[in-house]
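As a basis for the values below, the full set of heavy atoms in this structure was taken, side chains included, without hydrogen atoms, waters or symmetry mates. All values reported here derive from a predicted model rather than from experimental measurement.
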Amino acid sequence: MALHNNIGKWGEDIACDIYRRKGYTVVERNWRAGHNEIDIIAIKDTRIVFAEVKTRTDDSVDPLDAIDSRKINRLTRAADAYIQSHDIKQDAQFDVFSISGNANDYTIEHIEDAIFPSLKTYR
């Protein structure tokens, strides 16, 4: 596995641990719809949560800078595919995890309801 994949998995493991400690149930990891991927899908109470995890080992780079409009569009399209394919009736929430550092020294930011997808209609 490539180094960047190991770093990403490490960050996702941390995010899953945080979710479990907060009472969430993690139901999927790295769920794909075509080229679009959702890092973590979790459930808590009446919400289904789609999480994007950004992990960087270089503290001078803000992981949140990698979440641009293209990334948001891909995440929301994948979430819509998941909701449709699993007939989900719960309210959707989009979270972001930002993890910087290494296994011995890292910082985590968990932003709940970080993304509010735009509503689109199609003809």
Side-chain angles (χ1 to χ4, degrees):
M1 186 180 289
L3 179 61
H4 72 277
N5 290 337
N6 287 335
I7 293 166
K9 182 181 179 317
W10 169 71
E12 290 170 9
D13 289 344
I14 291 171
C16 285
D17 288 343
I18 289 170
Y19 270 150
R20 288 183 186 106
R21 282 184 286 180
K22 289 183 173 184
Y24 291 75
T25 300
V26 174
V27 294
E28 299 272 1
R29 285 185 67 173
N30 306 113
W31 189 85
R32 291 190 159 282
H35 294 292
N36 304 318
E37 180 184 27
I38 302 169
D39 292 332
I40 300 170
I41 302 173
I43 295 175
K44 184 174 184 188
D45 302 326
T46 62
R47 291 187 163 239
I48 186 159
V49 183
F50 302 98
E52 178 66 22
V53 180
K54 289 299 178 189
T55 309
R56 300 292 183 262
T57 55
D58 182 353
D59 289 340
S60 68
V61 178
D62 185 352
L64 296 177
D65 287 343
I67 301 176
D68 57 12
S69 60
R70 184 173 179 220
K71 183 61 172 165
I72 291 169
N73 286 336
R74 286 179 165 220
L75 175 64
T76 56
R77 278 196 304 267
D80 184 56
Y82 186 85
I83 288 168
Q84 298 300 321
S85 68
H86 290 77
D87 195 29
I88 302 294
K89 303 295 185 207
Q90 295 157 294
D91 291 332
Q93 174 178 316
F94 292 86
D95 289 3
V96 171
F97 285 89
S98 168
I99 303 169
S100 298
N102 60 58
N104 299 318
D105 182 27
Y106 58 89
T107 59
I108 304 166
E109 185 176 7
H110 175 203
I111 306 167
E112 296 177 303
D113 273 329
I115 299 168
F116 295 95
S118 62
L119 299 175
K120 294 183 180 181
T121 58
Y122 300 95
R123 292 181 185 206

Problem set entry | Verdict with supporting geometry, I40 and C16, side chain to side chain contact (heavy atoms under 4.5 Å, CB included) | CA-CA 8 Å; I40 300 170; C16 285; 3.6 Å; yes
For this session: Decide side chain to side chain contact (heavy atoms under 4.5 Å, CB included) for E52 and D39; before the verdict, give the C-alpha distance in whole Å, the side-chain angles of both, and the deciding distance to 0.1 Å.
Result: CA-CA 5 Å; E52 178 66 22; D39 292 332; 3.4 Å; yes
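Note that the CD1 atom of I41 and the NE2 atom of H86 stand 7.5 Å from one another [nearest 0.5 Å]. Distance check, rounded to the nearest 0.5 Å: OH of Y82 to CZ of R32 gives 15.5 Å. With rounding to the nearest 0.5 angstrom, the OG1 atom of T76 is 10.5 Å from the CZ atom of F50.
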Cut-off 3.5 Å, no hydrogens considered: what does the side-chain donor-acceptor table look like for residues 21-30, sequence neighbours left out?
| unit_1 | atom_1 | unit_2 | atom_2 | d |
| --- | --- | --- | --- | --- |
| R21 | NE | D17 | O | 3.4 |
| K22 | NZ | H110 | ND1 | 2.9 |
| Y24 | OH | E112 | OE2 | 2.7 |
| R29 | NH1 | D13 | OD1 | 2.8 |
| R29 | NH2 | D13 | OD1 | 2.8 |
| N30 | ND2 | E12 | OE1 | 3.2 |
| N30 | ND2 | E12 | OE2 | 3.3 |
| N30 | ND2 | E37 | OE2 | 2.9 |

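Here the closest non-hydrogen pair linking A33 and A78 is CB-CA, 4.3 Å. Between V53 and A15, the shortest heavy-atom contact is CG2-CB, 3.9 Å.
With hydrogens and angles ignored, the 3.5 Å screen pairs no side-chain donor or acceptor of N36 with any backbone N or O of R77. At distances below 3.5 Å, at least one donor-acceptor pair connects side-chain atoms of N73 with backbone N or O atoms of S69.
Residues passing the side-chain contact (heavy atoms from CB on, under 4.5 Å) test with I108 are I14, I18, F97, I99, Y106, sequence neighbours excluded.
Pairs engaging residues 89-98 under the salt bridge (Lys or Arg N to Asp or Glu O under 4.0 Å) rule: D87-K89 [sequence neighbours left out].
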